[in-house]
Amino acid sequence: MPEPVEGFSKLSKEEKIRWIAEQYTEDPEACIALLKTYWNTDGRLQRLHDEFIENTLTNYYLPFGIAPNFLIDGKLYALPMAIEESSVVAAASKAAKFWLTRGGFTTKVLGTEKIGQVHFIYEGDPARLGEFITSITPLFFEETRPITKNMVARGGGIKKIELRDKTSALDHYYQLHCTFETLDAMGANFINSCLEQFARTLRREAISSDILEDGERNIEVVMSILSNYVPQCLVRAEVSCKVEELGADTGISPQEFADKLVRAVAIANAEPYRAVTHNKGIMNGIDAVVLATGNDFRAVEAGIHAYASRQGAYKSLTQAEIRDGVFRFWIEIPIALGTVGGLTTLHPLVKLALEILQHPSAKELMGIVAVAGLAQNFAAVQSLVTTGIQQGHMKMHLLNILNQMGATEEEKKQLVEYFKKHSATHNAVVEALEKLRESS
């Protein structure tokens, strides 16, 4: 049984590796060799990666791919995508090619405000609290000026501070609900620094307030933190074309194809079980670009899924309609991204990804990411309502299966050719490989 460890973070990298290998693996020497295999040969670069997080042992690789031919707002892009799932990059590329000759994708940023909150407990008269907050609001701005000075100079900063009474949800619970503009920075550290200063100002001023009465001045600040739900930081991406232009490579008529797409999205709006998988496919595209550009995909996921539930039930993030002979397909998502700060200036592949995207602003990146999600969803729904999802997915998964079975390069070559004309189920791949080996 493994023993607890004291001061693990203070051990050297070699000592950490030795400890984890000896305590938790069956073959410690093989474990150590494997971990070191993934070290970068450039020592300086490896140290950079080691310092991204604590207790780093090695690097964990994900494929870094490119989905080309995205025409977005009249500009041609190749989208960098970091993801492990088979078929995602291929599906995005297929959708990009489909819409390239149909006007491409259009985007519109509907808002860029981000949210932070100071959560506190106040036992007293709500009216006096409101008067007190109004009286000290100028201090909130004044005492955060050292934090906001540079952001304000660039056109950002604190936009609004309001008191919200949440006592209907929790006894004595109130919050300062604050909006921020952080421009090309994601802004988490900026927002949290401002919020923590708001909390210090709130506590100090309450103690000496002549507006609040005895028993009301001891305000308890529970926490001060940004929110990853950003419904005012919103972007829309859309494609549209005449219905008769939809028919290529679908195997059914353009009108039937359009009708099926609209119905599929309607089902995702009506059925949460379907909506979750529908939206997961959207996030395949979104997360891949978010990760490649060094942004926080967990924050993006949380905020977007909350948005999908904003009407009281979990629904599709995409919408589709046919009107006056025109098919429209669009997505609207809240997403807070940055193109400066954090990993964007440290991680070499993140810097390269942003260069490939032609150094986008945060607003431009919002549109690009939304397009990635829309493209992924279009490709998935197209497959679902025509050939079925497994045909394309299993063919992309073919190499993974063959690698698991130890296929040689020649065997891979022959079987890839074979499965261009046959269904690539797992059992079919196993049987085909066995037959190939028996005949050789």
Side-chain angles (χ1 to χ4, degrees), residues 1-66 80-86 88-89 185-190 192-193 196 225-226 228 283-284 286-302 337-357 397 399-409 412:
M1 182 176 177
E3 294 292 330
V5 60
E6 291 287 341
F8 184 72
S9 64
K10 296 180 175 64
L11 299 178
S12 70
K13 185 176 175 181
E14 292 277 0
E15 289 170 335
K16 290 171 185 171
I17 290 173
R18 173 63 62 181
W19 183 86
I20 197 73
E22 292 179 348
Q23 292 287 322
Y24 286 95
T25 70
E26 295 175 0
D27 187 341
E29 295 307 319
C31 167
I32 292 168
L34 176 64
L35 291 173
K36 291 186 176 181
T37 298
Y38 285 88
W39 286 4
N40 198 292
T41 55
D42 182 332
R44 181 197 60 80
L45 190 57
Q46 184 57 54
R47 284 192 297 276
L48 177 67
H49 281 70
D50 287 348
E51 292 172 0
F52 286 158
I53 62 171
E54 191 174 65
N55 297 339
T56 301
L57 303 183
T58 193
N59 307 313
Y60 184 90
Y61 291 176
L62 286 177
F64 181 94
I66 287 291
M81 306 181 84
I83 191 166
E84 88 298 341
E85 185 173 333
S86 301
V88 170
V89 175
M186 191 278 168
N189 290 332
F190 170 78
N192 288 333
S193 294
E196 289 181 4
I225 187 69
L226 89 165
N228 291 127
M283 299 312 299
N284 280 342
I286 289 174
D287 283 350
V289 179
V290 170
L291 189 56
T293 56
N295 279 277
D296 185 345
F297 71 93
R298 287 89 52 201
V300 168
E301 283 264 6
L337 300 171
T339 56
V340 299
L343 287 187
T344 62
T345 55
L346 289 175
H347 198 297
L349 281 179
V350 169
K351 292 168 71 174
L352 178 61
L354 292 171
E355 182 181 351
I356 290 169
L357 290 173
H397 195 50
L399 286 177
N400 285 345
I401 299 172
L402 292 173
N403 283 329
Q404 288 170 10
M405 299 177 65
T408 65
E409 291 305 312
K412 291 178 190 176

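Values in this document were obtained by computation on a predicted structure and should not be read as measured data.
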S.K.: If you measure from CG on L57 to OH on Y60, what distance do you get to the nearest 0.5 Å?
M.R.: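 Going from the CG atom of L57 to the OH atom of Y60 covers 14.0 Å.
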S.K.: Between side-chain atoms of residues 30-38 and protein atoms elsewhere (two or more places apart, or another chain), which donor-acceptor pairs fall under 3.5 Å?
M.R.:
unit_1	atom_1	unit_2	atom_2	d
K36	NZ	E14	OE1	3.1
K36	NZ	E14	OE2	3.3
T37	OG1	A33	O	2.8

S.K.: Report the residues that fulfil side-chain contact (heavy atoms from CB on, under 4.5 Å) with T344, sequence neighbours left out, ordered by chain and then residue number.
M.R.: V350, L354
S.K.: Which residues satisfy the side-chain hydrogen bond (donor to acceptor under 3.5 Å, both in side chains) test with E26, sequence neighbours excluded?
M.R.: none
S.K.: Could you pull out all residues at least two apart from W19 that satisfy ring-ring contact (aromatic ring centres under 6.0 Å, His included)?
M.R.: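 So W19 forms a ring-ring contact (aromatic ring centres under 6.0 Å, His included) with F8, Y24.
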S.K.: In chain order, what residues pass the side-chain contact (heavy atoms from CB on, under 4.5 Å) check against L352, with sequence neighbours excluded?
M.R.: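 Expected list: L349, E355, I356.
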S.K.: Applying side-chain hydrogen bond (donor to acceptor under 3.5 Å, both in side chains), name anything that partners E22, two or more places apart in sequence or on another chain.
M.R.: R18
S.K.: Within the side chain of D287, is there an N or O that forms a donor-acceptor pair under 3.5 Å with the backbone of E301?
M.R.: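 Side chain of D287 to backbone of E301: no pair is present.
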S.K.: Where do E84 and L62 come nearest, in terms of heavy atoms and distance?
M.R.: CB-CD2, 3.8 Å
S.K.: Closest approach of A353 and A292, non-hydrogen atoms and distance?
M.R.: CB-O, 3.3 Å
S.K.: Name all pairs fulfilling the salt bridge (charged side-chain N to carboxylate O under 4.0 Å, His left out) condition that reach into residues 43-62, sequence neighbours left out, sorted by first residue then second.
M.R.: K13-D50
S.K.: Give a yes or no on whether the backbone of S12 and the side-chain of E15 come within a donor-acceptor separation of less than 3.5 Å.
M.R.: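 Pair found, side chain donor or acceptor close to backbone of S12.
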S.K.: With a 4.5 Å cut-off on side-chain heavy atoms, are T293 and L357 touching?
M.R.: yes
S.K.: Search all heavy atoms of P348 against all heavy atoms of L48 and return the closest pair with its distance.
M.R.: CD-CD2, 4.1 Å
S.K.: Nearest heavy-atom pair of S9 and N55: which atoms, and what distance?
M.R.: CA-OD1, 3.3 Å
S.K.: Just jot down the side-chain hydrogen bond (donor to acceptor under 3.5 Å, both in side chains) partners of T41, sequence neighbours excluded, or say none.
M.R.: none
S.K.: Do V89 and I66 have side chains that approach each other closer than 4.5 Å (heavy atoms only, starting at C-beta)?
M.R.: no
S.K.: What's the separation between atom CG in N189 and atom CG in L226, rounded to the nearest 0.5 Å?
M.R.: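 It is 9.5 Å, given to the nearest 0.5 Å.
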S.K.: Please answer whether the main-chain N or O of V300 pairs with a side-chain N or O of N228 as donor and acceptor at a distance below 3.5 Å.
M.R.: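 Not at all, since once roles are kept as given, no pair shorter than 3.5 Å links the two residues.
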S.K.: Please identify each residue that fulfils side-chain hydrogen bond (donor to acceptor under 3.5 Å, both in side chains) with D42, with sequence neighbours left out.
M.R.: none
S.K.: If every non-hydrogen atom of W39 is compared with every non-hydrogen atom of I17, which pair is closest and at what distance?
M.R.: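 In terms of heavy atoms, the two residues are closest at CZ2-CD1, 3.5 Å.
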S.K.: So, using ring-ring contact (aromatic ring centres under 6.0 Å, His included) as the criterion, who are the partners of F52 when residues are at least two apart?
M.R.: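 By the ring-ring contact (aromatic ring centres under 6.0 Å, His included) rule, F52 matches H49, H347.
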S.K.: Quick one, M186 and L337 - any side-chain contact, counting heavy atoms below 4.5 Å?
M.R.: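 Side-chain contact under 4.5 Å: no.
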S.K.: What's the spacing between N295 CG and I286 CD1 if we round to 0.5 Å?
M.R.: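 These two atoms lie 12.5 Å from each other.
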S.K.: Apply side-chain contact (heavy atoms from CB on, under 4.5 Å) to P4 and list each qualifying residue two or more places apart in sequence or on a separate chain.
M.R.: none
S.K.: At their closest point, which heavy atom of M81 faces which heavy atom of V289, and how far apart are they?
M.R.: CG-CG2, 4.1 Å
S.K.: Taking only residues two or more places apart in sequence or in another chain, which ones pass side-chain contact (heavy atoms from CB on, under 4.5 Å) with T408?
M.R.: E410, E411
